[in-house]
Amino acid sequence: KRFIQIAFSLSLIIYLSFKVNWNDILVSFGKASFLYYCISMLAALLGMLVVANKYLLLIKNTELEVSLPRMIVINLFSGFYAMFLPSNLSGGVVRWYKVTKSKQGKGLFLAASLYERLISISIVVLIGLVPLLLYASNPKIEEFRGQVLPVLVFIMLCITMTILYLLAPN
């Protein structure tokens, strides 16, 4: 099975290497700022570290024990699968499977993932409110704010109640 996977991957790489215009890639890399490229790579690596630590904090004090290097590898796997599988949910499903594989705590990690998603949605909603509150002098934005603000308040109430439910002791 492993041989078939490696053979398939190598054949795909070889096929794609003949389809890529390498001159265009080299010219693009030549035009790119090496300093900005290094900074962006460092930011991406730090982002992976932050995400891994975030999930470790969410499952701390549970029966799920995962080391930081293992969580980083799991996040790399989930990011890879998220590129090919539909929606952003696929990365979470892969992460859930890899962390809870042959262990107890599947529901716990699912609740931690749901909690993390709800916090992320809350932040996006709150950031989305900023323009609605800052540009009050525009009549179209005032009208839109009047229509969307009750919906956003309802969404935030639902998210808050769900988060409180997830944080409540048994």
Side-chain angles (χ1 to χ4, degrees), residues 1-29 31-128 152 155-156 158-167:
K1 180 180 177 181
R2 180 67 70 180
F3 175 75
I4 293 172
Q5 291 173 337
I6 292 172
F8 178 75
S9 298
L10 283 175
S11 62
L12 188 61
I13 289 171
I14 292 169
Y15 171 76
L16 291 176
S17 66
F18 286 113
K19 292 293 183 183
V20 171
N21 188 345
W22 291 104
N23 288 331
D24 287 346
I25 291 174
L26 291 175
V27 168
S28 295
F29 273 122
K31 291 179 181 177
S33 170
F34 184 72
L35 176 65
Y36 289 140
Y37 179 75
C38 289
I39 291 171
S40 69
M41 290 300 294
L42 183 63
L45 291 173
L46 288 174
M48 284 186 240
L49 188 64
V50 168
V51 170
N53 273 316
K54 176 178 63 173
Y55 276 100
L56 286 176
L57 284 172
L58 287 172
I59 62 172
K60 191 169 121 180
N61 299 328
T62 67
E63 62 261 16
L64 295 170
E65 291 187 26
V66 181
S67 66
L68 180 62
R70 177 75 180 139
M71 187 58 82
I72 291 172
V73 168
I74 288 171
N75 283 324
L76 289 171
F77 271 110
S78 67
F80 174 77
Y81 282 109
M83 288 190 295
F84 300 105
L85 297 173
S87 85
N88 193 21
L89 185 64
S90 58
V93 170
V94 171
R95 187 179 296 112
W96 172 77
Y97 174 74
K98 291 281 189 185
V99 169
T100 62
K101 188 163 97 175
S102 70
K103 294 180 189 172
Q104 298 295 324
K106 291 182 186 326
L108 219 89
F109 192 78
L110 185 64
S113 297
L114 179 63
Y115 174 79
E116 185 267 334
R117 293 292 169 124
L118 290 173
I119 294 293
S120 299
I121 290 171
S122 301
I123 291 170
V124 169
V125 169
L126 290 174
I127 290 172
L152 292 177
I155 289 171
M156 288 303 294
C158 290
I159 289 173
T160 303
M161 289 183 350
T162 306
I163 288 172
L164 290 174
Y165 174 76
L166 289 173
L167 292 176

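Because the structure is a prediction, the values reported are computed rather than measured. Keep in mind that the numbers below use all heavy atoms, side chains included, and drop hydrogens, waters and symmetry copies. We number each residue from 1, following the sequence as shown.
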## Note on the structure
Sorted by chain and residue number, the side-chain contact (heavy atoms from CB on, under 4.5 Å) partners of I119 (sequence neighbours excluded) come out as Y115, I123, I163

### I121 side, atom CD1; M156 side, atom CE - distance, nearest 0.5 Å
10.0 Å

### Query
Pairs in or reaching into residues 32-56: which pass salt bridge (charged side-chain N to carboxylate O under 4.0 Å, His left out), with residues at least two apart or in two chains?
K54-E116

Donor-acceptor contacts, no H, no angles, side chain residues 31-40, under 3.5 Å, sequence neighbours left out:
| from | atom 1 | to | atom 2 | distance (Å) |
| --- | --- | --- | --- | --- |
| S40 | OG | Y36 | O | 3.4 |
| S40 | OG | Y37 | O | 2.8 |

### Summary
Smallest heavy-atom separation, L68 atom then A52 atom, equals CD1-CB, 3.9 Å

### Query
Which atoms form the tightest heavy-atom contact between V99 and I59, and what is the distance?
CG1-CD1, 4.5 Å

### Query
What pairs with N23 under side-chain hydrogen bond (donor to acceptor under 3.5 Å, both in side chains), at least two apart in sequence or on another chain?
none

### Task
Please identify each residue that fulfils side-chain contact (heavy atoms from CB on, under 4.5 Å) with I6, with sequence neighbours left out.
R2, L10

### Task
Mind checking the OG1-CG spacing from T162 to L114? Nearest 0.5 Å is all I need.
7.0 Å

### Task
Indicate yes or no: at least one non-hydrogen side-chain atom of V51 is less than 4.5 angstrom from one of M48.
no

#### Entry: Pairing residues for Y81 by the ring-ring contact (aromatic ring centres under 6.0 Å, His included) criterion, not counting sequence neighbours
none

### Summary
Residue set satisfying salt bridge (charged side-chain N to carboxylate O under 4.0 Å, His left out) with E65, at least two apart, ordered chain then number -> none

### Query
Among pairs that include at least one residue of residues 8-28, which meet ring pair (Phe, Tyr, Trp, His ring centres under 6.0 Å), considering only residues two or more places apart or in two chains?
none

### Task
Would you sort out whether L152 and L126 count as a side-chain contact (heavy atoms from CB on, under 4.5 Å), showing the intermediate values?
CA-CA 9 Å; L152 292 177; L126 290 174; over 6 Å; no

### Summary
So salt bridge (charged side-chain N to carboxylate O under 4.0 Å, His left out) across residues 6-16, not counting sequence neighbours, yields none

### Heavy atoms of other groups near I4 CD1, more than 12 under 6.0 Å
no

Could you pull out every donor-acceptor pair under 3.5 Å between side chains of residues 69-77 and any protein atom, sequence neighbours left out?
| from | atom 1 | to | atom 2 | distance (Å) |
| --- | --- | --- | --- | --- |
| N75 | OD1 | R95 | NE | 2.5 |
| N75 | OD1 | R95 | NH2 | 3.3 |
| N75 | ND2 | M71 | O | 3.2 |

